[in-house]
Amino acid sequence: MRLYNTMSRSVEEFESIEDGHVGMYCCGPTVYNFAHIGNLRTYIFEDILKKTLKLNGYEVRHVMNITDVGHLTGDGDDGEDKMNASAKREGKSVWDIAAFYTDAFMNDISRLNIDRADIICKATDHIADMIEVIRILEKKGHTYVSGGNVYFSIDTIDDYGKLARLNLDELREGARIEVDSFKKNPKDFVLWFTNSKFKDQVMTWDSPWGRGYPGWHIECTAMSMKYLGSQFDIHCGGIDAIPVHHTNEIAQSEAATGLKPWVKYWCHGEFLINDKGKMSKSSGEFLTLESLIRKGYDALDYRYLCLGAHYRSQLKFSYEALDHAKSARAALTEKIKALKAEAEEASELHSENAKKYKMEFIDAVSNDLHTPQALAVMHSMLKDGSVSSAEKLNLIRFFDSVLSLSLDRIEKEERVGSDEDIALLNERAEAKKAKNYQRADEIRAILAERGYSIKDTPNGSFLVKNL
RNA sequence: GGUGUCGUACCCAAGCGGCCUAAGGGAACGGUCUGCAAAACCGUCUUUCAGCGGUUCGAAUCCGCUCGACACCUCCA
């Protein structure tokens with residue numbers, strides 16, 4: 001399969017370090033608030049990546065962190081701790097905040113049919129691992145203590161910023177933020193804080209440098225290497241992580257182990273934007289999955305919307321676009337119900353065309369996760385009369401192993417309704433036969449009020465629960 | 001100020017030098033079926049890819065300029 005690598009800025013043939021196995025680390029959420037649907041788009045992309053790897057025969061070890069330590073809103077010793085701020089705002093302890101939003105996140109993930117990572121690790125459970133990495137960096141001369149904090153010195157390595165292709169000289173000129181005066185180089189970053197101007201910092205731990213808390217890049221370095229080894233295959237995240245977070249992770253990780261490259265493939269998901277620009281937690285419109293569901297959408301409508309765009313291009317969100325996804329998914333569901341009514345069981349693929357569609361789907365998704373193409377293949381397949389219904393069911397199940405739209409869980413048209421409802425339906429049939437259309441339409445209105453639509457088919461009428 | 005990305009028909013969105021007189025979905029409209037609807041199915045929305053130049057036998061695809069949008073350099077997916 002082929003995959004775009006941010007490090008090389010090109011699509012590369014994917015080759016795992018260890019034959020048949022892939023180690024994959026995905027930056028998880030900071031649990032101080034609900035995830036918005038833009039955040040969720042990235043996890044959907046990572047899910048597609050993981051499932052496509054599996055489709056290609058790889059065994060995947062998937063690790064995701066939960067950042068439950070407070071991050072400062074600025075990189076220096078300034079800004080406000082997000083966890084603390086949320087705790088104060090909601091009148092809860094920081095630990096309660098973390099637990100609450102972690103649960104909320106997991107709930108969103110499962111509603112979107114996103115596979116849970118094999119290992120989900122919390123930053124607060126790995127403080128000792130982080131301290132260990134900092135000690136190694138200190139021993140190797142990559143750190144300095146200034147103003148009470150331990151910093152990583154980027155001038156001790158010669159390839160800082162290679163992922164983002166940063167031009168350090170120009171960046172320094174263009175800096176818009178006030179430089180932390182304790183830093184030797186403005187791009188140095190904190191590994192361990194002991195000196196925060198926020199005296200009410202609740203989450204602190206003992207360390208060789210004093211009681212304090214970790215900087216916000218060290219957790220990913222410590223935890224990814226703990227579970228995936230000192231070098232591994234894939235590291236994912238949103239594109240915004242490239243210039244600072246991932247750049248710093250690489251710097252400290254490669255400095256600590258002396259091994260390059262730390263990560264073989266860097267994969268980043270583009271933003272979901274609206275007419276005002278990107279969604280973000282700190283500004284702009286903040287839409288949660290929950291808010292979409294309350295408006296009557298299904299979580300999978302949103303997943304379908306995301307699948308319709310390539311993960312490396314910005315996707316314009318609007319309710320109009322979501323409505324389209326909803327309609328498209330409803331029509332898909334109808335088609336699959338019909339298939340299930342025509343063929344009880346999926347069958348092996350016999351026809352040439354059925355096999356062709358399977359290949360086309362694999363090619364689409366294996367070519368840097370071209371889900372829009374994969375969806376197009378699926379739609380063409382469904383329309384193709386030369387493929388039998390039983391074969392179509394087989395293909396749908398196969399496609400859904402990556403798409404995860406719960407296509408395989410769609411049951412054949414359910415004949416629902418209480419005895420009373422069915423009696424009404426029969427009365428309508430009688431009325432129609434007697435050409436008493438007024439009564440027939442009355443009954444249709446009554447049933448509609450009870451939440452049913454009537455489907456008239458050549459084989460008789462039946463009721464369907466409205467969505 | 002610096003660095004990138006992008007602009008595709010009514011909407012979302014693929015395509016990234018010739019299978020493109022541009023996938024797929026949605027909406028709309030017309031038709032078949034139906035007492036009428038709904039659903040389903042069929043058809044139409046195709047000489048056009050922001051604009052203007054250029055390169056080429058050939059450009060939505062490459063180059064230049066103009067206009068517009070977005071992102072990053074600050075916590076952010």
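The sequence lines fix the lettering, A, B, ..., with proteins before strands; numbering per chain opens at 1. Everything numeric here is computed off the predicted structure, so don't read it as measured data.
Look at CG on A:Leu300: it is 20 Å from P on B:G25, rounded to the nearest Å. Taking atom CG on A:Asp188 and atom P on B:U74, their separation rounds to 13 Å, with Å as the unit. The CZ atom of A:Phe271 sits 9 Å away from the P atom of B:A71 (whole-angstrom rounding). The distance from atom NE2 of A:His379 to atom P of B:C12 is 18 Å, rounded to the nearest whole Å. Per the geometry, OH belonging to A:Tyr4 stands 13 Å off P belonging to B:G4, to the nearest Å. Here the P atom of nucleotide B:A13 and the CZ atom of A:Arg329 are 20 Å apart, to the nearest Å. One can place CG of A:Leu40 at 15 Å from C1' of B:C76, the figure rounded to the nearest angstrom. Rounded to whole Å, atom P of B:A13 lies 13 Å from atom NE2 of A:His310.
Heavy-atom nearest nucleotides on RNA chain B were determined for A:Ala309 and for A:Gln314, and the one closer to the 5' end corresponds to A:Ala309. Summary of the strand contacts: A:Ala325 and A:Glu270 both lie near RNA chain B, and taking for each the nucleotide with the nearest heavy atom, the more 5' one is attributed to A:Ala325.
Contacts of A:Lys383 with the nucleic acid, taken as non-hydrogen atoms under 4.0 Å apart, involve only primed sugar atoms and P, OP1 or OP2. Residue A:Ile454 is classed as a base contact, given a heavy-atom separation below 4.0 Å to a base. Heavy atoms of A:Arg165 sit nowhere under 4.0 angstrom from any nucleic acid atom. Nucleic acid contact for A:Gly308: sugar-phosphate only, since backbone atoms but no base atoms lie under 4.0 Å from a heavy atom of the residue. At the heavy-atom level, A:Pro372 lies under 4.0 Å from base atoms of the strands shown. Residue-level contact check: A:Lys335 touches the backbone only, with heavy atoms under 4.0 Å from sugar-phosphate atoms and none from bases.
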Walk me through whether A:Cys236 and A:Leu49 qualify under side-chain contact (heavy atoms from CB on, under 4.5 Å).
CA-CA 10 Å; A:Cys236 304; A:Leu49 171 55; 3.7 Å; yes

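Atom C1' of B:G54 sits at a distance of 15 Å from the matching atom of B:U61, rounded to the whole Å. Between the C1' atoms of B:C65 and B:A71, the separation comes to 23 Å (whole Å). Taking atom C1' in both B:U8 and B:C42, one finds a spacing of 27 Å when rounded to whole Å. Using atom C1' as the reference point in both B:A13 and B:G24, the two lie 8 Å apart (nearest Å). Nucleotides B:C16 and B:C52 are separated by 24 Å at their P atoms, to the nearest Å. Rounded to the nearest Å, the gap between the C1' atom of B:C57 and that of B:U5 is 33 Å.
Ring centroid separation for the pair A:Phe105 and A:Tyr43 comes in under the 6.0 Å cut-off. A:Trp262 has its ring centre less than 6.0 Å from the ring centre of A:Phe232. Two rings, from A:Tyr101 and A:Phe34, have their centers less than 6.0 Å apart.
Of the N and O atoms on the side chains of A:His246 and A:His217, not one donor lies less than 3.5 Å from an acceptor on the other residue. In this structure, a donor-acceptor pair under 3.5 Å is present between the side chains of A:Asp384 and A:Tyr357. Side-chain atoms of A:Asp155 and A:Tyr160 form no donor-acceptor pair, as typed in the model, at a separation below 3.5 Å. For the residue pair A:Asn65/A:Thr67, the side-chain donor-acceptor check at 3.5 Å is satisfied. With no hydrogens or angles considered, a side-chain donor-acceptor pair links A:Ser404 and A:Lys51 at under 3.5 Å.
For the pair A:Asn5/A:Cys267, no side-chain contact is recorded, criterion being any heavy-atom separation below 4.5 Å from C-beta on.
Side-chain atoms of A:Asp323 stay outside donor-acceptor range of the base of B:G26, with no qualifying N/O pair under 3.5 Å. Looking at A:Asp456, its side chain comes within 3.5 Å of the base of B:A37 through a donor and an acceptor atom. A donor N or O paired with an acceptor N or O is not found under 3.5 Å between the base of B:A38 and the side-chain atoms of A:Arg444.
Between A:Ser318 and the phosphate of B:C12, there is no side-chain N or O to OP1/OP2 separation shorter than 4.0 Å. Between A:Ser313 and B:C6 there is no side-chain N or O to OP1 or OP2 distance below 4.0 Å. An OP1 or OP2 oxygen of B:A13 is reached within less than 4.0 angstrom by no side-chain nitrogen or oxygen of A:His370. Side-chain N/O atoms of A:Lys316 include one lying less than 4.0 angstrom from OP1 or OP2 on B:C12.
Base pairing in RNA chain B gives the following stems of 3 or more Watson-Crick or G-U pairs, range against range and under 3.5 Å: B:1-7 with B:67-73, B:10-12 with B:24-26, B:28-32 with B:40-44, B:50-54 with B:62-66.
Near-neighbour residues of RNA chain B inside residues 354-363 of chain A, defined by a heavy atom below 4.0 Å, are absent.
Taking the ring axis of A:Phe398 as reference, the NZ or CZ atom of A:Lys358 stays within 45° of it and closer than 6.0 Å to the ring centre.
A salt bridge is defined here as a Lys NZ or Arg NE, NH1 or NH2 lying under 4.0 Å from an Asp or Glu carboxylate O, and A:Lys326 with A:Asp323 fails to meet this definition.
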